[in-house]
K.L.:
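To start, I am sharing the structure in question, which I have written as structure tokens.
Chain A is the first sequence line, chain B the second, and so forth, proteins listed ahead of strands; every chain is numbered from 1. Computed from a predicted structure; not experimentally measured.
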Number of protein chains: 2
Amino acid sequence: MELKPPKSDLPTLEDVARAAGVSTATVSRSLNSPDQVSERTRQRVMATVRALRYSPNFGARALAAKRTNTYGAVIPTMENAIFARGLEAFQKVLVANGATMLVASSSYDPAIEEDQIRTMIARGADGILLIGAERDPEIYDFLKERHIPVVIAWSGTGVSALSCVGFDNQAAARELAARAIGLGHRRIAFISAYTENNDRARDRVAGARAALEAAGLDPSAMPVLETKYSIQCGRDAFVELMRESPRPTLVMCGNDVLAAGAMRAAHELGLKVPADVSITGFDDIELATVIQPALTTVHVPHRQMGGLAAEVLLAQVRDNSAAQQVNLETYIVERASLAAPGFQPTVAAE
Amino acid sequence: MELKPPKSDLPTLEDVARAAGVSTATVSRSLNSPDQVSERTRQRVMATVRALRYSPNFGARALAAKRTNTYGAVIPTMENAIFARGLEAFQKVLVANGATMLVASSSYDPAIEEDQIRTMIARGADGILLIGAERDPEIYDFLKERHIPVVIAWSGTGVSALSCVGFDNQAAARELAARAIGLGHRRIAFISAYTENNDRARDRVAGARAALEAAGLDPSAMPVLETKYSIQCGRDAFVELMRESPRPTLVMCGNDVLAAGAMRAAHELGLKVPADVSITGFDDIELATVIQPALTTVHVPHRQMGGLAAEVLLAQVRDNSAAQQVNLETYIVERASLAAPGFQPTVAAE
DNA sequence: GCCCCATTTGTAAGCGCTTACATTTAGAAT
DNA sequence: ATTCTAAATGTAAGCGCTTACAAATGGGGC
């Protein structure tokens with residue numbers, strides 16, 4: 001505490017003003033709204049800025065301008081490739097617009113998430129990216145009260161009056177399930193991420209149920225196992241599901257990671273995919289193409305979502321534009337892990 | 001610009017002071033150094049803070065205290081699971097200490113990286129996390145000039161006088177290669193990430209060479225293909241390597257992602273792993289356990305690294321402690337993809 | 001009851017910037 | 001020339017907080 005080094009004698013706006021022979025206001029304007037300054041003056045100021053290696057003090061600027069040019073992102077975890085992708089894109093767009101990104105992860109815990117959101121706001125975030133629409137209304141009130149623009153990603157329709165950039169989880173899952181039913185599957189099981197506090201996971205399960213119902217099947221007959229987001233958990237869940245008799249002919253998974261675990265378990269149980277059992281995923285991350293057989297899954301445009309979220313947020317903050325609701329398209333990627341039940345591949349495995 | 005909503009009438013320190021019947025200094029102290037305030041006063045102040053839902057203004061605080069409690073992390077990309085893991089851990093430790101994380105990615109481009117570093121500093125980062133030690137010395141000068149603590153992760157010995165939390169990439173790769181040589185491998189090929197501006201990648205290749213040399217083999221005879229970080233690239237590189245005659249009996253990969261691609265290519269070429277060709281990875285991400293056969297690789301404690309990096313950085317900033325150099329242990333994870341070289345396959349790929 | 005010192009509290013000076021408002025300057029129109 | 005207007009620049013008032021320093025308070029020890 002005592003030894004704090006002099007952080008120190010960095011040039012200030014005033015130093016630049018003095019050196020350039022203008023007022024601080026002119027320097028400030030040259031930096032922030034160049035077109036309010038004459039060409040000649042601006043040149044001179046900028047040259048001085050460079051000569052002095054001046055860099056504006058962030059705190060002072062934030063204090064005076066009431067804006068930080070910093071945006072927060074609160075996501076469940078960076079270790080999930082889908083969020084990592086989205087974040088990367090979000091950040092790129094931010095940087096391209098001269099802004100920076102604050103990140104925090106909640107580990108899927110609503111209490112932690114709330115805390116992180118408050119911290120971001122206290123840190124002066126001009127806007128904030130949130131995943132999924134489901135959370136304590138009090139948080140939305142808090143955000144509204146402070147006039148902080150929010151964009152919700154990964155979920156389609158969000159809270160009204162809030163921007164969102166997402167897709168229809170339920171419709172996507174329904175479509176995939178319908179496709180499987182069309183192929184002849186009747187006994188379908190589902191491995192889902194925990195649905196509590198997770199509207200995306202819940203919607204995906206609901207989508208499968210809806211397809212069943214539409215096909216005149218009993219949706220409540222579909223076994224659903226909820227588990228954590230990890231390969232190991234997908235594996236365990238699959239083993240559990242295969243204890244049933246008769247066995248399901250298709251195991252749908254709420255995401256690709258769980259599906260990878262399921263695939264793994266299938267191999268260990270000596271089950272051929274898709275001959276003995278079909279497996280589907282959701283998200284279409286790289287993993288889906290690496291496992292054997294390659295995974296039939298739903299492609300979600302994560303990068304696009306992250307990039308668009310940033311744009312929407314920036315527009316709200318900078319141009320005071322209205323909240324927007326953007327719904328992105330998803331599509332089924334047919335690979336090898338889903339086929340008609342009992343399907344014999346022309347070339348035997350191994 | 002014009003319509004900016006009133007961000008507005010949030011309570012200030014002064015409001016709290018007035019309401020609690022004390023001076024602003026006392027409120028500030030209650031918040032920042034509670035033990036300088038009497039128990040009774042503090043209680044009263046805190047109650048008022050809660051009642052008014054007061055939250056300190058970030059800019060003002062940063063301006064007055066010359067500290068933001070914000071730390072920057074500049075990484076190549078969040079889409080790489082190893083960095084995502086490290087970052088997640090880094091962030092967790094930061095949050096546990098009341099700090100927040102600013103993130104930027106450089107896409108492995110030194111110019112972008114430099115830019116991001118400068119931006120972070122301009123944003124008032126109190127300290128900064130960097131990946132790998134190799135960069136323009138000018139950047140280090142800049143950082144030193146501003147007295148910004150830096151911690152370098154992922155590389156063992158870094159720039160002197162800078163903290164680093166890493167591991168010995170070269171030794172780890174050497175050990176793995178030595179193990180393979182002990183198994184009987186003589187023709188080894190290497191698929192590496194681009195080594196330009198990437199000391200980690202370079203060290204890994206160097207490690208393999210060192211093992212060859214130590215075994216009396218010619219290190220320059222080892223084919224090395226450099227490529228981008230992606231499964232597809234690993235696949236292409238592997239195919240390329242298999243054109244050689246005689247074929248290598250072992251393809252070492254600079255990371256697990258490349259190895260996954262190689263594995264994929266091996267299957268496509270009808271090559272059995274490890275009978276026809278062994279494959280090794282590096283990093284030990286989850287992917288390594290999903291592919292068939294499971295990957296023999298080097299385990300790197302990414303999370304630990306990220307967490308420690310945060311601790312080192314915090315210590316430097318808060319306690320003004322000296323720079324530390326921490327070297328973490330790695331170890332070989334033996335799975336199925338590496339075995340003694342089998343007979344030379346005569347069946348050609350199509 | 002008095003003195004001294006440690007503890008607690010208050011006073012007020014900035015921190016470095018933005019911006020409303022005032023002033024000056026320079027063209028254009030007459 | 002003169003007047004008017006728009007563009008360019010300057011002045012200076014904060015923004016909300018921290019902290020050096022000063023002042024007040026409260027116990028012991030005598």
K.L.:
Pick the nucleotide of DNA chain C nearest each of A:Asn32 and B:Asp35; which residue has the one closer to the 5' end?
P.N.:
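Its nucleotide being nearer the 5' end, the pick is B:Asp35.
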K.L.:
Between B:Thr77 and B:Tyr108, is any pair of side-chain heavy atoms under 4.5 Å apart?
P.N.:
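Yes, at least one pair of side-chain atoms sits under 4.5 Å.
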K.L.:
Between B:Glu114 and B:Arg135, does at least one N-O distance fall below 4.0 Å, as a salt bridge requires?
P.N.:
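Result for this pair is no, no salt bridge flagged.
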K.L.:
What I want to find out is whether B:Glu145 reaches A:Arg53 closely enough, with some N-O distance under 4.0 Å, to be called a salt bridge.
P.N.:
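Between A:Arg53 and B:Glu145 there is a salt bridge, with a charged N closer than 4.0 Å to a carboxylate O.
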K.L.:
Write down the distance between CZ (A:Phe58) and P (C:dC17), rounded to a whole number of angstrom.
P.N.:
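Spelled out: CZ on A:Phe58 to P on C:dC17 is 13 Å.
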K.L.:
In this structure, how many angstroms lie between the P atom of C:dG16 and the CG atom of A:Leu31, rounded?
P.N.:
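About 16 Å, once rounded to whole Å.
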K.L.:
For DNA chain D, find the residues of residues 13-28 of chain B with a heavy-atom distance under 4.0 Å and give them by number; none if there aren't any.
P.N.:
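Residues of residues 13-28 of chain B that come under 4.0 Å of DNA chain D are, in numerical order, B:Leu13, B:Ala25, B:Ser28.
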K.L.:
Just the rounded figure in Å: distance from P of D:dT18 to CD of B:Gln36.
P.N.:
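Going from B:Gln36 (CD) to D:dT18 (P), I get 12 Å.
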K.L.:
Evaluate the salt bridge (Lys or Arg N to Asp or Glu O under 4.0 Å) criterion for residues A:Glu79 and B:Arg303: first the C-alpha distance (whole Å), next the side-chain angles of each, then the deciding distance (0.1 Å), finally the verdict.
P.N.:
CA-CA 10 Å; A:Glu79 294 201 40; B:Arg303 294 195 185 86; 2.8 Å; yes
K.L.:
Answer yes or no: does a side-chain N or O of A:Ser38 lie under 4.0 Å from OP1 or OP2 of D:dT9?
P.N.:
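The answer is yes; a side-chain N or O of A:Ser38 sits under 4.0 Å from OP1 or OP2.
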K.L.:
Compare the minimum distances between each of D:dT18, C:dC17, D:dT9 and the side chain of A:Asn57, then state the nucleotide with the smallest one.
P.N.:
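Closest nucleotide among those given: C:dC17.
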K.L.:
Any salt bridge linking A:Glu39 with A:Arg42? Criterion: basic side-chain nitrogen under 4.0 Å from a carboxylate oxygen.
P.N.:
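Here A:Glu39 pairs with A:Arg42 in a salt bridge, since their nearest N and O are under 4.0 Å apart.
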K.L.:
Between C1' on D:dT9 and CD on A:Glu39, what's the gap in Å once rounded to a whole number?
P.N.:
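The distance from CD of A:Glu39 to C1' of D:dT9 comes to 16 Å, rounded to the nearest Å.
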K.L.:
Salt bridge or not for B:Asp15 and B:Arg18, using N-O below 4.0 Å?
P.N.:
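Result for this pair is yes, salt bridge flagged.
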K.L.:
Rounded to whole Å, how long is the line connecting atom NZ of B:Lys66 with atom P of D:dA20?
P.N.:
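Going from NZ in B:Lys66 over to P in D:dA20 covers 12 Å.
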K.L.:
Run the ring-ring contact (aromatic ring centres under 6.0 Å, His included) test against B:Phe83 and tell me which residues pass, sequence neighbours left out.
P.N.:
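With sequence neighbours excluded, B:Phe83 shows a ring-ring contact (aromatic ring centres under 6.0 Å, His included) to B:Trp154, given in chain and number order.
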K.L.:
Expressed as a whole number of angstroms, how long is the span from B:Arg61:CZ to C:dG14:C1'?
P.N.:
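Distance check: B:Arg61 CZ to C:dG14 C1' gives 18 Å.
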K.L.:
If the threshold is 4.0 Å, N to carboxylate O, is there a salt bridge linking A:Glu134 and A:Arg200?
P.N.:
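Salt bridge between A:Glu134 and A:Arg200, a charged N being under 4.0 Å from a carboxylate O: no.
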K.L.:
What is the separation between atom CG on A:Asn69 and atom P on C:dT18, rounded to the nearest whole Å?
P.N.:
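Going from CG in A:Asn69 over to P in C:dT18 covers 11 Å.
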K.L.:
Side chains of A:Arg85 and A:Asn80: donor-acceptor distance under 3.5 Å anywhere?
P.N.:
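No, A:Asn80 and A:Arg85 have no side-chain donor paired with an acceptor closer than 3.5 Å.
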K.L.:
May I have the distance from A:Leu63 (atom CG) to D:dC17 (atom P), rounded to whole angstrom?
P.N.:
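After rounding, the reported distance stands at 9 Å.
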K.L.:
Can you name the atoms? Protein N/O to nucleotides 21-26 of chain C N/O, anything below 3.5 Å, with the distance.
P.N.:
none

